[in-house]
2 protein chains.
Amino acid sequence: MARLSDVIEEFIKSLLKESEGQLELQRNELADFFECAPSQINYVLATRFTLNHGYYIESRRGGGGYIRIVRLDVDRNDYLHYLLTEGIGNRISEQKAMQIIDRMKEQEYISEKAAYLLKAAISDKAIGIPANLKDNIRANILKSLITAIMAYDSKKP
Amino acid sequence: MARLSDVIEEFIKSLLKESEGQLELQRNELADFFECAPSQINYVLATRFTLNHGYYIESRRGGGGYIRIVRLDVDRNDYLHYLLTEGIGNRISEQKAMQIIDRMKEQEYISEKAAYLLKAAISDKAIGIPANLKDNIRANILKSLITAIMAYDSKKP
DNA sequence: TATTAATAAAGGTCAAAGAAAGTCAAAAAT
DNA sequence: ATTTTTGACTTTCTTTGACCTTTATTAATA
């Protein structure tokens, strides 16, 4: 019962791989192919191919319309610097933080394992109630981290 | 008559045995199967599949949602298990946390790089003033992390 | 022929419905 | 008194569909 949106996401990513990070597609065609509502394509794009995820999207309506998806292969230091100075700011939601880690993994700044650990480290679950005590928070983070290491290791064979 | 929660517990454990310590299940499906309230599944998980019991749980809501249960390899990861159940507790100083990470690296649970990153993640500097806001804290952690990646990479050739 | 109007062919938006899982506290059982 | 069971309510994520806007093509008109 895999989510259709995930399937579509993977499909697009594989197309992107074949075509060197850039592709044009027909929304209706794709929707036909997956037998879904055309707007589901928009949903997939909106939730999995945002700027945060490292993709840029252009489109055109009318006859001969298209949707162009471009994977941004930004220079690594530029990207990191951008994150530090603008991208993150003073507060960041769990969701966005996860997206950033995902992207860092996809761009191979960090290993899959590190990504997994770091996600665990910054998850809401890990940070817990904003109890006023630093040491408290850190303890939570650490525990979550260790759990993650164990889970990771007994996960993929 | 055996308590239903116990039956469900055993059922899940037998599933885990068949699937090598890892499985995904549908909460409602399981509840249907046992003709109980869905929240009873949560109850079973919360009381019998906790970290202390050696299990790790991830889940996702919405269409195609799931609950994933991972049995942690407690025996093989003696040290980690000790940390989780006794070693860390509710609060931990920066110093001790760092020592733990060092040791995890030495025991090769994590790579040198990961260790470096994680230290950054849980440092006093990263967690900052215990501003009452979770997102705040997380943002700090993330930034610190990114700095760490950059530092790490421009350090060792 | 050049301009304008109609039609078709895309893609966009948004909100409602659906499909999970989470929470919490009251009631029941032990 | 403690543990278990139940259920009402909440939150998150996905899917669907009705309606809207933009662009291209074709038909009609001046």
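Sequence lines set the chain letters: A, B, ... in the order given, protein chains first and strands last, and positions in each chain run from 1. Values below: all heavy atoms of this structure, side chains included; hydrogens, waters and symmetry mates excluded.
Nearest nucleotide to the B:Arg60 side chain, out of C:dA21, D:dT16, D:dT14: D:dT14. For A:Asp6, counting side-chain heavy atoms from C-beta on, the closest listed nucleotide (D:dT14, C:dG22, D:dT4) is D:dT14. Among the nucleotides D:dT4, D:dT21, C:dG22, the one closest to any side-chain atom of B:Arg61 is C:dG22.
Ring orientation note: the planes of A:Tyr109 and A:Tyr79 are tilted relative to one another, at an angle of 30° to 60°.
Among the protein residues, B:Ile67 comes within range of the sugar-phosphate backbone only, with heavy atoms under 4.0 Å from sugar or phosphate atoms but none that close to a base. Counting any heavy atom pair closer than 4.0 Å across all strands shown, A:Arg68 reaches no nucleic acid atom. Across all strands, B:Leu25 comes closer than 4.0 Å only to sugar-phosphate atoms, never to a base (heavy-atom distances). Nucleic acid contact for A:Gly63: base, since at least one base atom lies under 4.0 Å from a heavy atom of the residue.
Phosphate contact (OP1/OP2 of C:dG11, side-chain N/O of A:Asn28, threshold under 4.0 Å): present. Listed pair A:Gln95 / D:dT12 fails the phosphate criterion, with no side-chain N or O lying under 4.0 Å from OP1 or OP2. The side chain of A:Ser59 places no N or O atom within less than 4.0 Å of a non-bridging phosphate oxygen (OP1 or OP2) of C:dA10. For the OP1/OP2 pair of D:dT16 and a distance below 4.0 Å, the side-chain nitrogens and oxygens of A:Gln40 include at least one atom meeting the criterion. For A:Asn42 and C:dG12, the shortest distance from a side-chain N or O to OP1 or OP2 is below 4.0 Å.
Side-chain atoms of A:Arg3 and base atoms of D:dT14 include no donor and acceptor less than 3.5 Å apart. Applying the 3.5 Å distance criterion, the base of C:dA21 shares a donor-acceptor pair with the side chain of B:Arg27. Put simply, the side chain of B:Ser39 and the base of D:dG7 share a donor and an acceptor less than 3.5 Å apart.
When all heavy atoms of A:Ile69 and A:Leu16 are compared, the pair lying nearest together is O-CD2, 3.8 Å. For A:Ala120 against A:Ser123, the heavy-atom pair with the smallest separation is O-OG, 3.1 Å.
When the P atom of D:dT4 is taken as reference, atom CD1 of B:Ile41 falls 14 Å away, rounded to whole Å. The nearest whole Å value for the distance from the NZ atom in A:Lys96 to the P atom in D:dT12 is 16 Å. Between the C1' atom of D:dT16 and the CD atom of A:Glu35 lies a distance of 15 Å, rounded to the nearest Å. D:dC13 atom C1' lies 16 Å from atom CE of A:Met98, rounded to whole Å. Between the P atom of D:dC13 and the CG atom of A:Leu4 lies a distance of 17 Å, rounded to the nearest Å. The nearest whole Å value for the distance from the CZ atom in B:Phe49 to the P atom in C:dG22 is 14 Å. The distance between atom CD of B:Glu58 and atom P of C:dA20, rounded to the nearest whole Å, is 19 Å. Rounded to a whole Å, the OH atom of B:Tyr43 is 7 Å from the P atom of D:dT3.
When each of B:Cys36 and A:Ser5 is assigned the nucleotide of DNA chain D with its nearest heavy atom, B:Cys36 is the one assigned upstream, toward the 5' end.
A:Lys119 NZ to A:Leu117 CG: the interatomic distance, rounded to the nearest 0.5 Å, is 11.5 Å.
The 12-atom threshold is exceeded at CD of A:Glu58, counting heavy atoms of other residues, nucleotides or ligands nearer than 6.0 Å.
A salt bridge links A:Lys13 to A:Glu106: one of the charged nitrogens lies within less than 4.0 Å of a carboxylate oxygen.
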